[in-house]
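A quick note: this is a predicted structure, and the numbers were derived from the prediction, not measured. Naming convention: chains lettered A, B, ... in sequence-line order (proteins, then strands); numbering from 1 in each chain.
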Amino acid sequence: MVAARVAIPARVHEPVTLSPDTPDFDDDFQAAEFALGLAEGADLAAAQQRARTDNTFAAHIAAWQERFVAMTDDIAPVTPPRRVKKAVVKTLFSTPPIPLLDRLWVWKGLTLASLVAAAYFAFPLVRPTVEVPSEIYATQLKGEASGLEVLAVLDPARGDLALRRIAGGAPEGRVLELWALLPEQAPVSLGVLPEGDVTRVTLPAQFIAQISQLTLAISDEPPQGAPQGVPTGAILAVGAVEEL
Amino acid sequence: MDRDEIENLIARVALKDRKAFDALYDRVSAKLFGVCLRVLSKRAEAEDAMQDSFVKIWNHADRYQANGLSPMTWLITIARNTSIDRLRTRRKGHQDIDTPGFELIAPGPSPEQSVVAASEAARLSGCLDALAENRGAAVRGAYLDGDTYADLAERFQVPINTMRTWLRRGLLSLRECMSL
């Protein structure tokens, strides 16, 4: 078929000497190889490291990705079968993280017991049989960078949520403010969290009505809380509410 | 595609808004599935790659703002890289290549961030076709077929280092062509 075929060397390394006439292209070429997936072995590791730490290099990669993506322009869209979306949802949302459940079963038990007691003492004559609400919602608010971790248990029947801080706290001179988020709505402040580890917060009715879509977030704010009623500081922890 | 709309959905996904994730899926899954199918050919594998891609999108949406890409580029790049990964695992029977470029995090604003406009990227095809000696085909082979240097060298019957020099010149011309 084809005549002289030179033996292929095992390695691909020969970085700077490739084209001495265009040394200023070296970085950009390295970025292009990385974006194409052509970098291998030590080159790949070096490029990955640079992508994380070197803004200019990362921008080169982004520029190549932006150029190369045009190769997908004439690829026609194909509607994926429904099972794909179902599988994604199942993977991401069907199994609440075990640590959360592990920590919560005791708490859930306590909460139910206290509900039973409260209901009993409050309405002994009116409600001789105590109804224990079956639904309890919870979430674990976490942020990768902040180290803040807060458990929230929401009790729709009582209309409140109990918070317990597991780890982390407010940065020096700042406070933690709790926010309730519903899809396509502006965040609503549920107030500044007190310094202690455990606290209870009233949950406004509109959130109870849409509790399964509720997300809680904690931002860091100036000592009096966010001045305009919208978060101004960094979001330190986020958690989507789930039914237990 | 409406850039603002998709950007907004990704921002909400970063806040773990499931409804936004649902909407984002409905909006872009057909395009992404097209890309996965193009790379992987096999439907079952393309479905798996789609699943992996959307799990990554959910988990990494908070990194999107930092990398300066247009939203569709970010999404398509995840689907493409995930598919290439899977393709290479299939070919080699082992997994030694990290999803290329996926971990990209630019920690702050950078000079080139806004340089490449979408309209500029659309000229890529013409520029690729203008490249000499199959270099355009080599770029396409790497991007869409997951070809490695060894694959390309075999395909074009040249030593790996020659291939690399070709590609370097090709990409340099490509960059110049697209910036005209």
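- No donor-acceptor distance shorter than 3.5 angstrom exists from the side chain of Lys85(A) to the backbone of Asp26(B), with no hydrogens or angles considered.
- Looking at Phe54(B), the atoms closer than 4.5 Å to chain A (heavy atoms on both sides) sit in the backbone and in the side chain alike.
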Evaluate the side chain to side chain contact (heavy atoms under 4.5 Å, CB included) criterion for residues Trp74(B) and Gln65(A): first the C-alpha distance (whole Å), next the side-chain angles of each, then the deciding distance (0.1 Å), finally the verdict.
CA-CA 8 Å; Trp74(B) 187 71; Gln65(A) 287 174 330; over 6 Å; no
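- Taking the six-membered ring where the residue is Trp, Tyr143(B) and Phe68(A) present tilted rings, their angle falling between 30° and 60°.
- Residue contact with chain B, scored on non-hydrogen atoms closer than 4.5 Å, involves the side chain of Val238(A) exclusively.
- When heavy atoms are compared at a cutoff of 4.5 Å, Leu181(A) approaches chain B solely by way of its side chain, counted from C-beta outward.
- A donor-acceptor pair shorter than 3.5 Å can be found between the side chains of Thr73(B) and Glu66(A).
- In this structure, the separation between CG on Leu171(B) and CG on Leu38(A) is 8.5 Å, given to the nearest 0.5 Å.
- Closest of all the heavy-atom pairs between Pro183(A) and Arg12(B) is CB-NH2, 4.5 Å.
- Using a 4.5 Å cut-off between non-hydrogen atoms, the part of residues 17-24 of chain B that approaches chain A consists of Asp17(B), Arg18(B), Lys19(B), Phe21(B), Asp22(B).
- For the atom pair CG of Leu36(A) and CG of Leu152(B), the computed distance is 9.5 Å after rounding to the nearest 0.5 Å.
- Atom-to-atom distance recorded for Ile76(B):CD1 and Asp73(A):CG is 7.5 Å, nearest 0.5 angstrom.
- Separating the CG atom in Asp43(A) from the OH atom in Tyr149(B) is a distance of 9.0 Å, to the nearest 0.5 Å.
- Of all heavy-atom pairs between Ile75(A) and Arg38(B), the closest is CD1-CG, 3.6 Å.
- Between Phe33(B) and Pro80(A) the shortest heavy-atom distance is CD2-CA, 3.5 Å.
- Shortest non-hydrogen contact noted between Met71(A) and Val139(B) is CE-CG1, 3.8 Å.
- More than 12 heavy atoms of other residues, nucleotides or ligands lie within 6.0 Å of NZ in Lys16(B), so this atom counts as buried by the packing criterion.
- Of the inter-residue distances, the one linking Met50(B) atom CE with Arg83(A) atom CZ reads 12.0 Å to the nearest 0.5 angstrom.
- Of the residues Val35(B), Val39(B), Leu32(B), Thr77(B), the one that meets the side-chain contact (heavy atoms from CB on, under 4.5 Å) test with Thr72(A) is Val35(B).
- Both the backbone and the side chain of Leu15(B) come within contact range of chain A, judged by heavy atoms closer than 4.5 Å.
- Considering CZ of Arg169(B) and CZ of Phe25(A), their distance stands at 12.0 Å, rounded to 0.5 Å.
- When all heavy atoms of Arg164(B) and Phe29(A) are compared, the pair lying nearest together is O-CZ, 3.8 Å.
- With respect to the salt-bridge test (charged N to carboxylate O, under 4.0 angstrom), the residues Asp28(A) and Arg168(B) do not qualify.
- In terms of heavy-atom pairs under 4.5 Å with chain B, the best-connected choice from Ala240(A), Ala47(A), Ala87(A), Ala76(A) is Ala87(A).
- Between Leu174(B) and Arg67(A) there is no side-chain heavy-atom pair separated by less than 4.5 Å.
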